[in-house]
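In what follows, a structure is listed as structure tokens, so that the remarks can point back to it.
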Amino acid sequence: MTKKIIAFVTLLTVLLFTLTGCYDSTGLEDFYYIVAIGIDKSENGLIRLNVQNAKPTSSSDSSSSQSNEYKIYTVECESIESGINILNNYLNKKINLSHCSAIVFSEEVAKEGVKSYINILGNDTEVRPDCNLIVSSKESSDVLDKVSNSGEGFSSRLYEYILNSVDYTGYTINSTFNTFFSTLNSNQSQATAIYAVAEEDTVQNSGAAVFKEDVMVGTISPIQTIAHLMIKDDLDSCMISIQSPFDKTDVIDLNLRKNTKALVDVSLINNTPFISIDFSIEGSINSSGEDFNYTILDNIRAVEQSASEYLENLIKEYLYMISKDYDSDIIGFGGMLASKFATADEYEQVHWDEIFKDAYFDVNVDVSITSSHLFNKE
Amino acid sequence: MNIKNFLNNLFSYKKQENYEFILPNSANNLPETNTQNTTQQIFPTLSVNIEYLKSKYNLLINSDVKIRKFALPIHDKKVPAALLFIDGMVNEETITNSILQPLLLKNSITMREQNENKSGRMLIKNPKSPKINLENFIYNGLIPHNSISKETEFEKVIAKVNGGFCALFVDGVATAFCVETKDIKGRSVSEPISENVVRGPQEAFVENVRVNTSMLRKIVNNENLIIEEVDVGKISKTKVAICYIENIANDDLVAEAKYRVNSLDIDYLLSSGQLEQFIKDNPSNTFPQCIATERPDRVSTYLLNGRVAIIVNGTPFVLVVPAVFIDFLTSGEDRNLNYHFANFLKLIRAIALFFAIFLPGLYVAITNYHQELIPSELLFAVANAREAIPFPVIFEIILMEISFELIREAGLRVSSSFSTTIGIIGALILGDAAVSANIVSPILIIVVAFTGICGFAIPDFALTSSIRIYRFTYIILGFLAGFLGIAFGFFVHFIMLTALSSFGVPYFAPYIPFENLNDNNGYIVKPVWRRERRNQFLNTKRPEAANKISMNWRKHVK
Amino acid sequence: MSSNYKLQKYEAICLILIVMVSKLILNVPYYIIDLVGTGAIINLIYIGLLGFIFVLCLNWLFQKFPNSDIIDISEFLGGKFFKVIMGIIYISFFYLAAYVTLSDFANMLKTIYFNNSPLIFILLFFMIGIVVANLVGLKSIIRTICLVVPFTLVSILVALFAVYDDFSFDKFSPFFGYNMRTTFVNGLLNTFSLYIVTYYYFLMPLLKDSFSYKKVTTWSYIISWLLLFLTVLSILTIFPITNDTEPLNALYLLSRKIELGDFLQRLDAMFVLLWIISIFCYLSVCIFMINRVFKKLTNVTDEKLVSLSTTSIFFGLCLLPFNVAISRFMENNIYRYLIIGITFIGCFIILVLANLKFKFKKGNLQKK
């Protein structure tokens, strides 16, 4: 019995080693790890693929310079896959996307539609689902090139920091490849991406790019992304400056923090969407340029009042912008409406994508000032 | 013809017949023998006393309890007497010189002198005459020893005998004389070498089987501890002692252990390591299936929990059967420690076990197949470090593992004066120089060193050595097919391990097959007051080890 | 002997769970969602209740036949010939189940990690594992399963909790799916996901005491259904359900999303590691079942050695060309109807008839 087992296992093991081999075993130094890829439009109808590689400072290198340890390779090609193939040939190492943390489209590419690129990358098992999706105002290579200028040296973490900052600034949105990929295919909401403006020597994230289907239709400003995030309930805290109710020339800085979840109600009235949004926001006074006594209740009330008005206007402006100007339901009101229907067939009768642009919005914001961060009574 | 035979062997069907012993589920629960409560007075008749002691100590099978019968000559009349002691715990010289000699020789001489002094007449003709008080006579005049006491209850006598005293019974006297003759012979008992503990007894077994049994007697301190002796080996006739506690251990288990040891048909047996391989259920599996320990306190704990210990003369390591997997992650200290800390240590050891087996294999698998698993920054650092290394990971890691094993083996074998040198050579040359010469990457040194430390954290030597073999298997499997290979190895490994059993007890008891985890020494060390039950898988005769409420003082709240 | 090893209660439950888990890892949740869309939630509750009633009926029907499985019962009902037919049906059924599972899984592994390796390389690992497991015997398979199942369950639960952030009820709306008809009438086809019921027909003689049969079936059914339900729930949470997206191997895609802080971001390989082990266990059980049915049909005394030939046949079967289209065809058009036809209708009728015959015989005896 034991003999038989041994014979059988030996036979199979020999087969394992001779007939097959370790085909997929590749040492980790044989890969070329890409930190970010950028896609631009080339003049002759092709695309220009930029890949950025992080080159950590190695101690053995005699000529190690600490600054800008990265390299960007550019290739003109027909598709991403063929571009990577050409680069593989050029670099003599296999390009690996498993550590790619940002995909950058130029605005030009985004306005023509990104579906083909996204589908290619979406079926690549190497691409991370949490990789950032960025639309660049100029060429994507600008973003790749200048991203490191903003702070200390280059690091693969740099792109991750962008996302982390969303939690406390609210000036851009949290757009990962995975959410983009799934909203692209959804009929209940539309996709968004981070919008980056490349300036002289630095890159700034400002607002978000709005997509309709897979085509970019416009951008929303950083202050409007605050409104966007508030409705989507993704904002932890943010800072806004409102006009002081006591002195029109002055501003008061408020630190806002969501109190409860935004109550969004979508209903159909005469086949026109009626969307009402209720907020309750907690705020605290960070600073005020002008002397006012915030220990008096009436003054607080006045600040609350003007903050509420400010936010209501901001949100309304934003909502009408996406519905009237862009006709793109990036919040996902469609999904909220769908929950009011029993079956999908009934919901499809509504033709949400046609009626969204006629939507009427009703926004109520209730700001309550709970405390101030000031220590001195001015 | 040979080929034909071979093919026949290979393909023809033969009914396989494996020897399989399964511990029966229901232990034949004997009626509780009263162990402590009733007090039996010593009988006036010697033969009755001897019968009583024989049954108490199971003298027919117990090898180290001795009864020396002799006749006490008192005035020409021979009074039968008997001396009870445990071999190995008493000083034979003391017994001979201070007890037997005066009783047998001096007695008659002094008597005669006395008689002769008193007008040459025999005053006492009948020893049973009321004029003479034999008890006082012996106590006062016959035993020249500094420490002697009179006992009238068997219980106290037995307690003293278990502690190394020697008891003298005389016909016609309902009292036993307990003489202190405590002595332990052989190599002086020293501290354990391989099983050090911080908190716990610091003594270890020695080579002499008699000394070892006496150490067990001393700790267990109960007459139900049976020590049977068997001679193993046709030429060497090595003394093998099988110890168990009669009213706790499962009879079938004891019978199986005895059967296995007795049925060995070999010329010689020199060590317990040899015996372990002879008696374990699956000799082809490298995982240890018997506990080998040099700590008497550990063996006593196991005995009190219903296991069987096997002592081989000439080896300071005692085998305990049956053994389950978790025993090899248990240190002798666990029971003495605060249970929070003991559990923490157990967890640490489990983690150590995991890394000691899998870490190098996982490293090879991850670096060759699953690069995305490594966090980006770390990956860039590792890739950069590997840039200058000429070898592939698999070669590198096998090289380092083998050199680690070499250092370990060399350090173990040379005398202790050289071991520091070897440490320096290993650390400096193989560690530092290899890295700066770009032969291995620093991260790999960390992996190998961490694996080594994890290996040392496992308390059992046999388990560690078996892990060292499997580690290489996992490295090759990880190289062949990444996580698929590791998973394959894990699956086959576990199929093999779960098929194991040690003396009828499944290897992963009490977890697989799942049992009531309320019993002792499971995967979790219970608080000391919750260790109420003995291991269920042992099917002991006394499943309860303590009362439901063992801390009686808590009941009396003022 | 270990070949006659009898299962304890929880061991039997673990056996059933590993069968369920192997289905969850592969495409079963996807096929459910594919059929009924967002109505999957209500559909699963509906099917779960129907299945539960079915299991209760099964318990009741099996009361008369302690220590016999469906093969014995068919012999009782229709003699040797019928028994052989049932045996052959079940052997091919188990072969098909194992074939679909392994081909699907091996191809998934090939796509994810082994792009350049031939399929035979991946298959060989599984084959060796299965052969070794079956040569050693049921005892070890079951004990290994008992060890693996808790970890696998935890891994699936972790995958579910990872999507907690994205959870909202909007994702499951419209609640009744495409329309009532698809959800409740066509949706009945989804009973194929309760594939575990097949094993209930064979469980009885494997159990240590036949009285625990009721408990084992009920509990294993409830736990398996919960697992299925939770998996479908989380897949719905993550992936938008439209007609043009198809999250094949959804649970794998789900596991890719799991992050533990900023440091450990792609843990999918760890999950795959666990799933490979559970597939090993499941396939061993499949081959064991084939051997067992084969033993019942023939006079083989020791089923262990049969596993060599059984596995060889299985190996050959797996070398048949395979791609996603075949997998879909198999699942959608053959496997699904086969499970419903054999397990839920065929065997049930056999059981009912056998019960009637039993009563009839008993009545005759009483008359005599």
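The sequence lines fix the lettering, A, B, ..., with proteins before strands; numbering per chain opens at 1.
In this structure, the portion of C:Leu308 lying under 4.5 Å from any heavy atom of chain A is its side chain and not its backbone. Both the backbone and the side chain of A:Ser98 have a heavy atom closer than 4.5 Å to some heavy atom of chain C. Heavy-atom distances place the backbone of C:Thr111, and not its side chain, under 4.5 Å from chain A.
Listed by chain and number, the residues in a side chain to side chain contact (heavy atoms under 4.5 Å, CB included) with C:Leu188 are C:Tyr46, C:Leu50 (sequence neighbours excluded).
More than 12 heavy-atom neighbours from other residues, nucleotides or ligands sit within 6.0 angstrom of CZ on A:Phe356.
Heavy-atom minimum distance, C:Asn179 versus A:Asp345: ND2-OD2, 2.6 Å.
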